[in-house]
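I have placed the structure first, in the form of structure tokens, so that the comments after it can refer back to it.
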Amino acid sequence: MTSTDPRPSQNVMRPDKDHFLAAENPFEEMMSRFDDAAKRLDLEPGLYQILRMPEKQIIVSVPVLRDNGTVEVFTGYRVIYNTSRGPAKGGIRFDMQVTLDEVKALAGWMTWKCAVVNLPFGGAKGGVICDPTTMSNGEIERLTRRYTTGIIETLGPDSDVPAPDVNTNERVMAWVMDTYSMHKRHTVTAVVTGKPIAMGGSLGRREATGRGCMIVTREALKKLKLPLKGTRVAVQGFGNVGSVAADLMSREGMVVVAVSDKSGGIYNPKGLDLADVFRHTAQKKLLNTYARAQQISNSELLTLDCDVLVPAALENVITDENAGQIKARIICEGANGPTTAEADKILNQKGIFVIPDILANAGGVTVSYFEWVQDRGGYFWDEETVNNRLEKIMVHSFDEVTAMAERHQADNRVGAYMLAIDRVAAVHRLRGMYA
Ligand code: GLU
């Protein structure tokens with residue numbers, strides 16, 4: 001599969017049979033953390049009400065002509081959570097598990113994430129309920145174009161800027177950009193990020209989320225005075241985030257002992273031969289057919305004996321059922337919302353250092369911001385500049401989150417939410433309420 005193939009990589013993490021699919025509602029999960037931080041910030045009641053609700057929720061029917069001549073109507077969403085700090089920013093996912101509540105939660109998380117790393121963006125998210133693995137390229141293109149047209153009023157470089165997310169990639173972003181541009185009657189590159197480099201994408205964007213995970217994990221090890229060399233890492237999810245994080249962490253001297261995809265995981269307590277694993281997955285093969293390591297399940301991976309756990313797949317995988325058995329000293333949340341609020345309490349009791357999603361995986365949207373800036377300026381940076389600027393923002397944000405947490409004797413997640421909500425609230429106060 002080439003990088004321009006719009007179909008999801010076989011390595012995108014989906015639950016396997018033994019994977020516990022929690023019933024938690026992601027919006028409630030997000031809100032319980034929001035409430036905790038808002039209380040500590042003593043947020044005024046009016047602002048509290050405003051920030052608890054998305055600004056706008058769009059539901060569209062997306063009719064698609066299937067290759068066999070029939071028409072199938074899909075449901076798509078775009079939720080704009082908050083735009084006080086700038087244009088709404090957030091990915092589009094194509095997935096059977098998409099629900100309005102999930103998209104609302106993800107749009108909220110984007111708002112807090114952009115504020116944690118201090119980008120001049122608000123938060124949004126989009127999703128279409130579909131299974132792109134069963135669709136042809138042509139069907140995915142027609143779905144993308146019709147969905148884009150359905151939400152076109154909200155889109156624009158100054159209003160709402162999508163990016164890739166679960167099961168979407170740069171090819172899909174190219175179609176969003178083209179559809180929008182055809183309607184506008186001129187080319188608008190800055191309407192999406194995560195585009196192919198040849199049409200206004202940024203160098204380093206594809207690796208940015210995984211690179212950000214590596215940077216904050218390195219900072220956490222430093223903070224805890226733990227050695228980097230030889231640190232044993234287990235990574236759940238081998239898509240764009242997990243595979244890059246594993247690769248970059250091993251290049252830094254950490255030892256990746258386990259990785260997994262939707263089919264299950266592989267484990268070698270002495271460290272996996274990642275180059276060999278990448279050769280295997282490059283042939284579109286799943287990890288459950290990889291013979292040169294021990295086969296484990298996705299749930300076994302989470303509770304392995306390791307130093308750093310990177311959940312880089314889907315929501316709600318660390319729950320009150322398995323949190324007690326986690327042995328890692330550090331959890332770096334590559335995915336959005338991998339830990340339930342109940343599990344958080346257990347992880348805190350165990351003294352596990354959690355790098356929360358809205359910090360840990362903010363590298364992606366940070367380089368999306370760089371891409372948007374480059375598109376608008378029409379001047380493109382080299383990869384070194386992109387990576388250096390990403391490094392600076394991630395390290396600084398890590399320091400700000402941990403300082404906030406320490407100041408309020410809170411865990412890092414609450415610290416991150418407090419930092420973010422405080423920034424969004426400050427802008428609301430300055431702007432006042434248009435009544
Ligand atoms: N989908 C990514 C995320 O959840 C990137 C969003 C973006 O770059 O706008 O952070």
Side-chain angles (χ1 to χ4, degrees), residues 1-22 93-98 130-137 139-140 164-172 206-207 209-210 213 232-250 255-304 306 309-318 322 332-336 338 361:
M1 189 176 294
T2 66
S3 62
T4 52
D5 191 323
R7 284 166 305 173
S9 142
Q10 287 299 300
N11 300 319
V12 168
M13 167 78 191
R14 305 301 317 156
D16 56 11
K17 274 193 246 53
D18 71 321
H19 181 93
F20 175 65
L21 241 195
R93 59 173 61 178
F94 290 167
D95 196 75
M96 284 310 286
Q97 279 179 38
V98 165
C130 65
D131 179 2
T133 58
T134 62
M135 298 169 76
S136 69
N137 289 354
E139 288 170 337
I140 296 174
D165 199 74
V166 173
N167 292 341
T168 57
N169 59 13
E170 55 186 55
R171 190 73 195 88
V172 172
R206 203 186 297 163
E207 301 79 19
T209 313
C213 290
R232 295 160 310 149
V233 187
V235 183
Q236 187 189 58
F238 212 58
N240 183 45
V241 182
S243 66
V244 174
D247 186 33
L248 293 178
M249 285 178 182
S250 83
V255 177
V256 178
V257 293
V259 295
S260 69
D261 63 18
K262 64 175 181 179
S263 71
I266 52 173
Y267 174 53
N268 182 342
K270 295 203 177 73
L272 294 165
D273 177 354
L274 274 187
D276 191 51
V277 177
F278 281 120
R279 268 194 299 278
H280 179 85
T281 55
Q283 297 164 39
K284 300 185 198 173
K285 288 190 198 152
L286 292 170
L287 292 174
N288 66 352
T289 59
Y290 184 80
R292 289 172 293 285
Q294 189 185 325
Q295 290 287 329
I296 54 169
S297 69
N298 263 301
S299 30
E300 281 166 343
L301 181 139
L302 294 172
T303 56
L304 274 183
C306 64
L309 175 64
V310 186
L314 291 173
E315 294 102 272
N316 294 336
V317 293
I318 301 178
N322 58 10
C332 173
E333 296 184 335
N336 291 311
N361 69 39

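Hydrogens, waters and symmetry mates play no part in the numbers below; they use all other heavy atoms, side chains included. Residue numbers run from 1 in the order of the sequence given.
- Applying the side-chain hydrogen bond (donor to acceptor under 3.5 Å, both in side chains) test to Tyr290 and every residue at least two apart in sequence or in another chain returns Asp276.
- Across all non-hydrogen atoms, the minimal contact from Thr303 to Asn322 is CG2-O, 4.0 Å.
- Rounded to the nearest 0.5 angstrom, Asp261 CG and Asn298 CG are separated by 7.5 Å.
- Of all non-hydrogen atoms in Val244 and Glu207, the two that sit nearest each other are CG1-O, 3.6 Å.
- The minimum heavy-atom distance linking Ala258 with Leu304 is given by the pair CB-CD1, 3.4 Å.
- No donor-acceptor distance shorter than 3.5 angstrom exists from the side chain of Asn288 to the backbone of Gln295, with no hydrogens or angles considered.
- Side-chain atoms of Val166 and Val98, non-hydrogen and from C-beta on, never get closer than 4.5 Å to each other.
- By the salt bridge (Lys or Arg N to Asp or Glu O under 4.0 Å) test, Glu333 is found to be paired with Arg413, residues two or more places apart in sequence or in another chain being considered.
- With respect to Leu301, the side chain to side chain contact (heavy atoms under 4.5 Å, CB included) criterion is satisfied by exactly one of Ile296, Val235, Ile266: Ile296.
- Here the straight-line distance linking atom CG of Leu286 with atom CZ of Phe238 works out to 12.0 Å at 0.5 Å rounding.
- With sequence neighbours left out, the side chain to side chain contact (heavy atoms under 4.5 Å, CB included) criterion links Val241 to Thr209, Cys213, Ala312.
- In plain terms, the two heavy atoms of Leu309 and Ile318 that are nearest each other are CD2-CD1, 4.2 Å.
- Asn167 places no side-chain N or O within donor-acceptor distance of the main-chain N or O of Asp131, the cut-off being under 3.5 Å.
- Note that CE of Met96 and OG1 of Thr134 are 8.0 Å apart. Values are rounded to the nearest 0.5 Å.
- Not a single donor-acceptor pair under 3.5 Å links the side chain of Asp165 to the backbone N or O of Thr168.
- The two residues Ala293 and Leu272 come nearest to each other via the heavy atoms CB-CD2, 3.7 Å.
- The CZ atom of Arg279 sits 11.0 Å away from the CG atom of Leu274 when rounded to the nearest 0.5 Å.
- Separating the CD atom in Gln283 from the OG1 atom in Thr289 is a distance of 9.0 Å, to the nearest 0.5 Å.
- Sorted by first then second residue, the side-chain hydrogen bond (donor to acceptor under 3.5 Å, both in side chains) pairs that include residues 264-274, not counting sequence neighbours, number zero.
- When all heavy atoms of Cys306 and Ala234 are compared, the closest pair comes out as SG-CB, 4.0 Å.
- Applying the salt bridge (charged side-chain N to carboxylate O under 4.0 Å, His left out) test to pairs two or more places apart or on separate chains, those with a residue in residues 232-249 are Arg232-Asp305, Arg232-Asp307, Asp247-Arg251.
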